[in-house]
Amino acid sequence: MINEKVLQYKQRYTDKDVQDFLAMAALQYVIKTHRRRGKTGKGLSSDALKELIQKIDAVLEAKE
């Protein structure tokens, strides 16, 4: 799943680094897992997920 997403990002964003694609794919995986577990009451808290997204956004913006 992650490898497929990385390939999709490579095709969509040609000017980014492979690490960026991996980070975006991993984040997407975490979000999907969080949503699935959220239905059962387990997983990351919403605040922890927001913090993770902010950190990834900051790294991506620094590379631009």
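In this chain, numbering begins with 1 at the start of the sequence shown. Quick caveat: nothing in here was measured; it's all calculated off a predicted structure.
- Here CD of E51 is found 11.0 Å from CD1 of I56. Values are rounded to the nearest 0.5 Å.
- Between the CG atom in L22 and the NZ atom in K10 there is a gap of 8.0 Å [rounded to 0.5 Å].
- Listed here is the closest heavy atom pair of F21 and Y13: CZ-O, 3.0 Å.
- To the nearest 0.5 Å, atom CZ of residue R12 and atom CE of residue M24 are 9.5 Å apart.
- Y9 and I31 fall within a single hydrophobic cluster, where Ile, Leu, Val, Met, Phe, Trp and Tyr are joined by side-chain heavy atoms under 4.5 Å apart, directly or via other members.
- Rounding to the nearest 0.5 angstrom, the gap separating the NZ atom in K5 from the CD atom in Q8 is 4.0 Å.
- With sequence neighbours excluded, no residue forms a salt bridge (charged side-chain N to carboxylate O under 4.0 Å, His left out) with D57.
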